[in-house]
Amino acid sequence: MPELPEVETVRRSLLPVVLAKPISSVDIFTERIVQNRPADEFRDLLVGRSFVDLTRRGKYLLFALEGGWELVAHLRMTGRLIYYSSPSIPLAKHTSAVFRFGAEGELRFEDVRKFGTLDLVPAGDYRSVKGLYTLGVEPLSEAFTLDRFQELVHGRKTKIKSLLLDQTKIAGLGNIYADESLFMAGIHPERSAESLTAEELERLHTAIREVLQLAIEHQGTTFRDYRTGFGREGSFQNQLQIYGKKGEECPRCGVSLQYRKVAGRTSHFCPHCQREQP
DNA sequence: ATCGGTGTTGGAAT
DNA sequence: GATTCCAACACCGA
């Protein structure tokens, strides 16, 4: 569910309300959520410390703590990180963890499917967080140049959509934004990566950055579970061009939009604007 | 009411 | 190594 724009929106919304507040207590309701150490050790290490910064890498949220620790959170499919100013608000049914800041409110991790994860690591030491350790280039950073993208694609026979979803190549794209980027660039999701022309690569490179930036401006896409750090819905679902629009008309040419499984994922495309054979 | 599908990822199998 | 498939879990809609 939450892809780069959603995670970035959560980061921006939480930033002003979770820093510099000592953690008074931590409740773990779903022990499994804590990955790399026992839950009681996790609690003991957190209590008394404050978050001093909140950054993002791909779909990971990185809470820097006093004393050289870092809390790494991943929302997976249905996770939410929401700040509540009052502890008297009843816990949501699927609350996995609560970080309390005394009288200064609390941060709750809610997660219907319980796939979300928390890791507490020495600051910057991501060796125990496998997906984070091997994460690819940040698509909105200056490091994601056209040259870098060409290197990633060079000689790769895999389908371009599979490559876009591969977090060790580019960090943060998920199913929605992969489909939207490919539509914006006019490229069929099943084209082999190495078959893309220089012009197509340039269009796709630009499309990825534009789609992600636009989605952040709209606070992400809420289909069902995703919420910002304040518990609000995003609005980019109203701006989507093709994701979830099987059978509707292509916004560019009017042809009926199709979908099929590509790389195991539901994939939407326009059979006219995105040709299988270039 | 049962069943297939859901925005992610890692590990096993190929 | 590259790629594909499936499980982890709960819910929703057909």
Side-chain angles (χ1 to χ4, degrees), chain A residues 1-10 29-36 56-61 72-81 92-97 109-119 126-136 152-183 189-194 211-212 215-216 218-228 233-247 259-268:
Chain A
M1 152 197 220
E3 307 178 28
L4 187 153
E6 288 75 35
V7 178
E8 176 62 18
T9 300
V10 171
F29 298 106
T30 305
E31 299 246 336
R32 222 155 32 71
I33 195 176
V34 182
Q35 294 286 295
N36 68 339
R56 179 191 58 74
R57 264 291 274 142
K59 303 173 192 172
Y60 292 84
L61 279 169
V72 178
H74 197 299
L75 304 173
R76 297 291 181 107
M77 297 283 270
T78 57
R80 300 171 170 175
L81 272 168
K93 182 177 178 185
H94 298 288
T95 304
S96 292
F109 196 125
E110 303 169 353
D111 190 359
V112 170
R113 292 175 73 177
K114 300 182 172 66
F115 296 162
T117 60
L118 293 170
D119 286 272
Y126 304 133
R127 287 173 298 178
S128 67
V129 191
K130 192 153 194 194
L132 177 56
Y133 192 59
T134 57
L135 212 52
L152 288 175
V153 167
H154 183 74
R156 302 292 309 284
K157 298 189 187 308
T158 191
K159 292 169 181 157
I160 186 61
K161 173 150 181 187
S162 297
L163 187 138
L164 294 183
L165 293 174
D166 184 344
Q167 302 298 300
T168 69
K169 303 296 187 298
I170 301 172
L173 284 175
N175 206 28
I176 296 175
Y177 300 111
D179 277 5
E180 292 290 316
S181 299
L182 286 165
F183 173 75
E190 293 182 297
R191 291 274 305 281
S192 90
E194 63 178 2
V211 165
L212 293 176
I216 290 172
H218 289 268
Q219 317 233 94
T221 300
T222 296
F223 275 141
R224 176 169 302 172
D225 300 287
Y226 161 70
R227 296 292 184 279
T228 73
E233 297 187 357
S235 64
F236 197 67
Q237 62 276 13
N238 302 319
Q239 310 295 323
L240 293 174
Q241 300 295 294
I242 57 160
Y243 188 85
K245 299 189 184 295
K246 173 185 58 163
Y259 95 130
R260 70 177 71 145
K261 290 272 185 189
V262 178
R265 315 295 299 280
T266 302
S267 300
H268 305 74

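Because the structure is predicted, anything quoted here is derived from the model rather than measured. Reminder, nothing fancy here: chain letters follow the sequence lines and each chain counts from 1.
- Applying the 4.0 Å criterion to OP1 and OP2 of C:dC5, one finds that A:K261 has every side-chain N and O outside that range.
- Base pairing in DNA chain C gives the following stems of 3 or more Watson-Crick or G-U pairs, range against range and under 3.5 Å: B:2-6 with C:10-14, B:8-14 with C:2-8.
- In this structure, the nucleotide among C:dC9, B:dT8, C:dT3 sitting nearest to the side chain of A:H74 is B:dT8.
- Evaluation of A:F223 against the base of B:dG7 yields no stacking contact (centre distance < 5.5 Å, interplanar angle < 30° required).
- C:dC9 atom C1' lies 17 Å from atom CD of A:E110, rounded to whole Å.
- Listed nucleotides B:dG7, B:dT9, C:dT3 differ in distance to A:Y60; the shortest reach to its side chain belongs to B:dT9.
- Look at A:K93 and you'll find a side-chain N or O under 4.0 angstrom from OP1 or OP2 of C:dC11.
- Side chains of A:S267 and A:K161: a donor on one and an acceptor on the other come within 3.5 Å.
- The local environment of OH in A:Y259 is sparse, with at most 12 non-hydrogen atoms from other residues, nucleotides or ligands closer than 6.0 Å.
- Classification of A:K59 and A:E6 as a salt-bridged pair fails, no side-chain N sitting under 4.0 Å from a carboxylate O.
- Protein atom CD of A:E180 is 13 Å distant from nucleotide atom P of B:dG7, rounded to whole Å.
- The distance between the ring centers of A:Y243 and A:F236 does not fall below 6.0 angstrom.
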